[in-house]
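Before any comments, here is the structure.
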Number of protein chains: 2
Amino acid sequence: MNFSIAEENYIKAIWRLQQSDSNVTTNELSAELQTKPASVTDMLKRLKEKKILNYEPYYGVKLNTDGKKIALGIIRRHRLWEYFLVEKLKFEWDAVHVIAEELEHVSSPELIERLDHFLGFPKADPHGDPIPDSSGRMETTRHISLHQLKEQQPAVVSGVNDQSSGLPEILRQKKISIGTKVEIKQRFLFDGSLEIKIRNQPLITLSEQLAKNIFVTPL
Amino acid sequence: MNFSIAEENYIKAIWRLQQSDSNVTTNELSAELQTKPASVTDMLKRLKEKKILNYEPYYGVKLNTDGKKIALGIIRRHRLWEYFLVEKLKFEWDAVHVIAEELEHVSSPELIERLDHFLGFPKADPHGDPIPDSSGRMETTRHISLHQLKEQQPAVVSGVNDQSSGLPEILRQKKISIGTKVEIKQRFLFDGSLEIKIRNQPLITLSEQLAKNIFVTPL
DNA sequence: TTATTTTTTTAGATTTGTCTAAATTATAAT
DNA sequence: ATTATAATTTAGACAAATCTAAAAAAATAA
């Protein structure tokens with residue numbers, strides 16, 4: 001079956017919300033996609049017709065097996081293009097998300113297989129998010145946000161939010177990148193800011209906002 | 001101003017037809033785009049609103065200066081992507097046209113400038129068609145089809161039809177590629193077929209159909 | 001030059017994806 | 001348990017891009 005760009009965007013959004021939430025509501029989708037709830041309802045009815053999700057009026061929506069497979073195909077295209085944009089075209093990673101959102105809808109399977117090969121079958125995109133293989137399998141790097149990390153618990157930076165711009169600049173300044181070893185030394189309840197230790201450098205301060213956009217894997 | 005994918009396809013089609021025809025008719029466009037003449041009329045009225053072409057009911061259409069600039073931007077994107085697909089992803093050139101028709105609508109100017117840089121600022125796409133620079137200028141390689149070449153007139157193959165599939169296979173077999181020196185030795189009026197000479201090889205026969213899809217620059 | 005054919009446009013309908021406003025259902029609060 | 005609030009759906013409208021059928025204009029042929 002074939003999906004329009006609008007449909008693909010809904011599928012992707014449902015998949016993303018479903019990761020944390022299992023059952024996705026109309027309002028959540030409406031916020032995620034910047035459309036009105038009424039439009040979401042319309043689209044969910046159409047996608048239900050296409051048998052890629054379970055939708056019960058008033059009770060939210062969930063992708064079925066087919067729907068998840070389609071979603072992972074879109075994610076795969078998105079992340080491969082992001083990798084291409086950063087590795088080959090030398091974009092900063094905060095600039096690539098918007099462009100990849102367009103490229104991901106180009107629908108030639110052979111294009112994607114060749115792109116994957118050209119890029120050397122990367123396992124993760126520039127934000128640290130895993131790239132599904134052609135059959136939809138991907139590493140489940142279960143990372144949490146640095147904000148959720150326990151104090152004194154060593155961890156490695158494994159990703160950053162792929163939607164937020166301006167992140168590379170501040171991370172460069174703070175000398176944080178994917179792979180950096182970090183540990184929370186102190187947490188201020190007043191503003192949620194953190195004092196963290198990086199290798200043998202002096203303590204640095206991160207705002208709550210920043211810590212929420214950095215993902216880590218505890219060691 | 002911003003154009004939809006449908007609008008861009010019309011602009012590109014008008015530009016292409018305008019090359020040989022100056023004044024483009026509704027029916028020509030309808031044939032080129034595989035739509036009904038009535039749909040063409042509708043779209044021409046909308047594009048006239050946007051002031052990128054001159055359209056007089058019953059008297060055809062012509063892109064104005066702005067329209068040509070937009071068209072050349074689309075052509076630029078198309079041809080750069082074709083070059084990428086062949087040179088980097090190792091597609092055969094008859095496979096790339098359809099994919100490039102999708103990629104050409106991805107609308108980030110910075111993407112295209114970086115892609116151009118990454119590819120080394122190529123002057124022509126894999127079919128020999130010149131790539132406009134970022135301000136819309138391009139080499140006017142005035143090539144003619146091999147079918148139109150005069151007998152005994154030496155020429156160099158400078159391009160092939162970018163829309164026809166199966167061409168690389170037959171050209172590989174006949175040992176013809178861009179840059180090959182050719183000369184027509186004999187033309188048969190019966191079926192339009194040609195006997196041509198390539199370097200120091202024995203004469204080979206090309207069908208009229210094939211000769212019409214090969215472009216040459218007379219020497 | 002008049003009639004016929006072809007081309008083009010107009011009128012009205014359809015699909016996709018969106019919206020607003022109103023109605024309905026579910027959830028939370030008293 | 002009833003009411004108020006919040007979430008969701010329905011109904012009806014709209015813009016973009018297409019279509020069919022009919023009307024109008026231009027080109028061609030008798």
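Everything quoted here is computed from the prediction, not taken from an experiment. Lettering follows sequence order; numbering is per chain, from 1.
Heavy-atom minimum distance, A/Ala155 versus A/Pro218: CB-CA, 3.7 Å.
Screening residues 124-150 of chain B for ring pair (Phe, Tyr, Trp, His ring centres under 6.0 Å) gives B/His143-B/Phe215 as the qualifying pairs, with residues at least two apart or on separate chains. Every pair passing side-chain hydrogen bond (donor to acceptor under 3.5 Å, both in side chains) that includes a residue from residues 37-50 of chain B is listed here, sequence neighbours excluded: B/Glu7-B/Lys50.
Aromatic rings of B/Phe91 and B/Phe84 (six-membered ring for Trp) have centroids beyond the 6.0 Å cut-off, not under it.
Classification of A/Lys12 and A/Glu104 as a salt-bridged pair holds, one side-chain N sitting under 4.0 Å from a carboxylate O. The residues B/Arg77 and B/Glu101 are annotated as not salt-bridged, no charged nitrogen and carboxylate oxygen being separated by less than 4.0 angstrom.
Under 4.0 angstrom from either OP1 or OP2 of D/dT8 there lies no side-chain N or O belonging to A/Tyr55. B/Ser39 has no side-chain polar atom (N or O) that falls below the 4.0 Å cut-off from OP1 or OP2 of D/dT18.
A nucleotide of DNA chain C counts as in contact with chain B when one of its atoms lies under 4.0 Å from a heavy atom; the first and last such, 5' to 3', are C/dT7 to C/dT10.
One can place CE of B/Met43 at 10 Å from P of D/dA16, the figure rounded to the nearest angstrom. Atoms CG (A/Asp42) and C1' (D/dT8) sit 12 Å apart, rounded to a whole Å. The distance from atom CD1 of A/Ile5 to atom P of D/dA17 is 12 Å, rounded to the nearest whole Å. We find that CD of B/Glu49 is positioned 14 Å from C1' of D/dA16, with the value rounded to whole Å. Counting to the nearest Å, the P atom of D/dA25 and the CD atom of B/Glu56 are 15 Å from each other. For the pair B/Lys45 NZ and D/dA16 P, the computed distance is 14 Å after rounding to whole Å.
Residues that satisfy the side chain to side chain donor-acceptor pair (under 3.5 Å) test with A/Glu87, not counting sequence neighbours, are absent from this structure. Annotation: ring-ring contact (aromatic ring centres under 6.0 Å, His included) contacts of A/His78 (sequence neighbours excluded): A/His97. B/Arg172 is linked by a side chain to side chain donor-acceptor pair (under 3.5 Å) to B/Glu92, counting only residues two or more places apart in sequence or in another chain.
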Under 3.5 Å, side-chain donor or acceptor atoms of residues 29-37 of chain A against the rest of the protein: list the pairs with distances, not counting sequence neighbours.
unit_1  : atom_1 : unit_2  : atom_2 : d
A/Ser30 : OG     : A/Thr35 : O      : 2.9
A/Glu32 : OE2    : A/Arg16 : NE     : 2.7
A/Glu32 : OE2    : A/Arg16 : NH2    : 3.0

Just list the side-chain donor-acceptor pairs under 3.5 Å for residues 106-115 of chain A, sequence neighbours left out, or say none.
unit_1   : atom_1 : unit_2   : atom_2 : d
A/Ser107 : OG     : B/Glu102 : OE2    : 3.3
A/Ser108 : OG     : A/Glu110 : N      : 3.4
A/Ser108 : OG     : A/Leu111 : N      : 3.0
A/Glu110 : OE2    : A/Arg114 : NE     : 2.9
A/Glu110 : OE2    : A/Arg114 : NH2    : 3.2
A/Glu113 : OE1    : A/Arg76  : NH2    : 3.0
A/Glu113 : OE2    : A/Arg76  : NH2    : 3.3
A/Arg114 : NH1    : B/Leu89  : O      : 2.8
A/Arg114 : NH1    : B/Lys90  : O      : 2.9

Only distances under 3.5 Å count here; give the side-chain donor-acceptor pairs of residues 52-73 of chain A to other protein atoms, sequence neighbours excluded, each with its distance to 0.1 Å.
unit_1  : atom_1 : unit_2  : atom_2 : d
A/Asn64 : OD1    : A/Asp66 : N      : 3.0
A/Asn64 : OD1    : A/Gly67 : N      : 2.8
A/Asn64 : ND2    : A/Lys51 : O      : 3.0

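Near DNA chain C, meaning a heavy atom under 4.0 Å from it, residues 99-108 of chain B has no residue at all. Taking a 4.0 Å limit (strictly below) on heavy-atom distances, residues 25-35 of chain A reaches DNA chain D at A/Thr25, A/Thr26, A/Asn27.
From A/Ser134, atom OG reaches atom CG of A/Asp116 across 7.5 Å, with rounding to the nearest 0.5 Å.
Backbone-only engagement by A/Pro57 is indicated by non-hydrogen atom pairs under 4.0 Å involving sugar-phosphate atoms exclusively.
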Identify each atom pair where a protein N or O and an N or O of nucleotides 21-24 of chain D are less than 3.5 Å apart, giving names and distance.
none

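Just one residue in the list A/Glu208, A/Glu195, A/Glu151 forms a salt bridge (charged side-chain N to carboxylate O under 4.0 Å, His left out) with A/Arg187, and that residue is A/Glu151.
Remark on DNA chain C: of its neighbouring residues A/Glu7 and B/Tyr59, the 5'-side contact belongs to B/Tyr59, judged by nearest-heavy-atom nucleotide.
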